[in-house]
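Along the sequence shown, residues are numbered consecutively beginning with 1.
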Amino acid sequence: MLIAFSVAPSGGSSDSVGDAVAEAVRVVRQSGLPNETTSMFTTIEAADWDEGMAVVKRAVEAVQARAPRVSLVLKADIRPGHVDQLHAKVDRVNRQLSDG
């Protein structure tokens, strides 16, 4: 399953969220799960719901340690039996673009 999520602090004394977001991304990268971070979301690929949500929870907790309030946006693609969809989905689109 793929889980794309964005976690950010709010209610702190600064408008800058970079330090707290970096801690969340650190949690993701240390998880060992395949992942990709873009300007808006971090996407992880997990074997199942429990594995993926455990990483999301730890990422939220890392941000929560730095802010009195946390915002979480999450989208999941739950497709049992499919692996490496983090790359395969993009590869399929790129093939379509190169065929056109």
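Partner of Leu74 under the side-chain contact (heavy atoms from CB on, under 4.5 Å) criterion, chosen from Val60, Val56, Val7: Val56.
Clustering ILVMFWY residues whenever any of their side-chain heavy atoms sit less than 4.5 angstrom apart, transitively, puts Ile78 in the very cluster that holds Leu33.
Of the inter-residue distances, the one linking Phe5 atom CZ with Ile44 atom CD1 reads 5.5 Å to the nearest 0.5 angstrom. If you take CD on Glu45 and CD1 on Ile3, they are separated by 10.0 Å, rounding to the nearest 0.5 Å. The distance from the CZ atom of Arg66 to the CD atom of Glu23 is 4.5 Å, given to the nearest 0.5 Å. Rounding to the nearest 0.5 Å places CG of Leu86 at 10.0 Å from CG of Asp91. Rounded to the nearest 0.5 angstrom, Arg92 CZ and His87 NE2 are separated by 12.5 Å.
The minimum heavy-atom distance between Ala76 and Met1, with the atom names listed, is CB-CE, 4.0 Å. Between Ala20 and Val63, the shortest heavy-atom contact is O-CG2, 3.5 Å. Here the closest heavy-atom approach between residue Ser31 and residue Val55 is recorded as CB-CG2, 3.7 Å. For the residue pair Ala62 and Val27, the shortest heavy atom distance occurs at CB-CG2, 3.9 Å. Closest non-hydrogen pair, Gln85 versus Arg79, comes out as OE1-NH1, 3.6 Å. Here the shortest heavy-atom pairing between Pro9 and Ala67 reads CB-CB, 3.3 Å.
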Step-by-step side-chain hydrogen bond (donor to acceptor under 3.5 Å, both in side chains) determination, Thr42 to Thr37: CA-CA 4 Å; Thr42 294; Thr37 298; 3.2 Å; yes

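A salt bridge between Glu61 and Arg58 is absent, with no side-chain N of the basic residue lying under 4.0 Å from a carboxylate O of the acidic one.
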